[in-house]
There are 2 protein chains.
Amino acid sequence: MARWEPGSRGRLEKAAFELFAEQGFSATTVPEITARAGLSTRTFHRYFADKREIVFGSEDIPANAAQVLADASPSDEPLDVIMKSLRTFAETRFEGRRDDLRMRGEIIRSDPGLRERDLQKREAVGRVAYEALVARGVQPTRASLLAETCVTLLYVSVQEWLGRDDEKPLADIIADTLETLRSALT
Amino acid sequence: MARWEPGSRGRLEKAAFELFAEQGFSATTVPEITARAGLSTRTFHRYFADKREIVFGSEDIPANAAQVLADASPSDEPLDVIMKSLRTFAETRFEGRRDDLRMRGEIIRSDPGLRERDLQKREAVGRVAYEALVARGVQPTRASLLAETCVTLLYVSVQEWLGRDDEKPLADIIADTLETLRSALT
DNA sequence: ACTGTGATGACACGACGTGACATCAGGTAG
DNA sequence: CTACCTGATGTCACGTCGTGTCATCACAGT
């Protein structure tokens, strides 16, 4: 028998989300979380840099995005790279997780600090997109614009997707959103 | 003679930016700032919600943006509203302040927490743009896209503007950036 | 059997942000 | 002229957060 129960990280996440559901994010303290998980607060901060980080899960989205972007066909136009990557991303990281994402969204919306952190995550995705485009030889200004627009497309579409009752695939919504943007800029 | 020297807020800002220049943002504590300004830490938090806020000045950018957007001609197309507002904004809040903005930019770039707060400020501007557009009858999804794109245009252009040596007006750069975006989405 | 190694705990600490209450100058009403 | 109110500030106490440091101990490899 191991000295410590395994899965500390998972226990911390479980305890945290339970408490967030019971009392809300801001009313929940780190000691409360660790007490429920049977760990010390010091251990909490070994897994999560701060209290907010636990909300954003363990998936390293930027790294994943960089991977998807790096796999793009060398002959594709920049916009095609973006759109194909967004499709892949939608299908692998979003589709089938609506309930989970809705729950997280609610928690994030409930706290200013979490909204702030959410924006930072978004920006991190934009930065890897920017770097991937620059690596393909796209001009910096154009790359910035495309990267930011990419993130905008994704998040506006996700909002739309989460708000819907039907099962329209996120990838389709993203394509529609691009069309809407094009027409709005004319 | 007044019991307290007037201009507490100004003294706090002055002391803070001096210390940030000397030691950097994160190495500067609130007590250090208030000691130099001759005030208590409690008073600091009466003027600034937290240590980060002091970097972003006292100007209520979102309120100003809302004003500019509300003054737009009722007959303008949404995109024209955005572009004209951006022009006004560039001329009244940015032009002539390059050095100040560069200094702030450096401080903000030096600290993750400040970058996070900066993104929040950006988002706040986006939200007032969104609300102004919805108030004009623009569809929600389209309004989101335009609002986010508006903020993207502004910030990408400001980056470009701050990086330049010449005196090309920000408003012109924004117009160019829109053209770049249009061509990138084709 | 010995020795790392890695995950955890225990403890102390500094900084942050807030609530509650005291202080006091200046203006205003009576 | 006095009494009161108001607004800006100070003082104190507190809870939470995040980090540095060191001790502990099961397990694996030699």
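Lettering of chains follows the sequences in order, A, B, ..., and the numbering in each one begins at 1.
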Engineer: With the side chain of B:T43 defined as its heavy atoms from C-beta on, choose the nearest nucleotide among D:dG10, C:dT8, D:dT19.
Structural biologist: D:dG10

Engineer: Side chains of B:S85 and B:T88 only: does a donor on one sit below 3.5 Å from an acceptor on the other?
Structural biologist: no

Engineer: Which residues, if any, of residues 13-24 of chain B bring a heavy atom under 4.0 Å of DNA chain C?
Structural biologist: none

Engineer: Please write out each protein N/O paired with an N/O of nucleotides 14-17 of chain D under 3.5 Å, distance rounded to 0.1 Å.
Structural biologist:
unit_1	atom_1	unit_2	atom_2	d
D:dC17	OP1	A:K51	NZ	3.2
D:dC17	OP2	A:V30	N	3.1

Engineer: Do any N or O atoms from the side chain of B:E95 and from the backbone of B:L170 form a donor-acceptor pair under 3.5 angstrom?
Structural biologist: yes

Engineer: Classify the side chain of B:R46 and the base of D:dG10 as holding, or not holding, a donor-acceptor pair under 3.5 Å.
Structural biologist: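 Side chain to base: pair found, below 3.5 Å.
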
Engineer: Phosphate oxygens OP1/OP2 of C:dT8: is one of them under 4.0 Å from a side-chain N or O of A:Y47?
Structural biologist: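 Affirmative; the distance criterion is met.
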
Engineer: Is a donor from one side chain sitting under 3.5 angstrom from an acceptor on the other, for B:T177 and B:S157?
Structural biologist: yes

Engineer: Hey, is the side chain of B:S8 poking within less than 4.0 Å of OP1 or OP2 on D:dT9, counting only N and O atoms?
Structural biologist: yes

Engineer: Cut-off 3.5 Å, side chains only: do B:S144 and A:Q159 have a donor facing an acceptor?
Structural biologist: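 Their side chains do not contain a donor-acceptor pair, so the 3.5 Å distance test is not met.
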
Engineer: For residues 127-139 of chain B, which residue pairs pass the side-chain hydrogen bond (donor to acceptor under 3.5 Å, both in side chains) check, not counting sequence neighbours?
Structural biologist: B:E123-B:R127

Engineer: Could you check whether A:G113 gets within reach of a base, just the sugar-phosphate, or nothing at all, counting any heavy atom under 4.0 Å?
Structural biologist: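 The answer is nothing, as A:G113 stays clear of every strand by at least 4.0 Å.
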
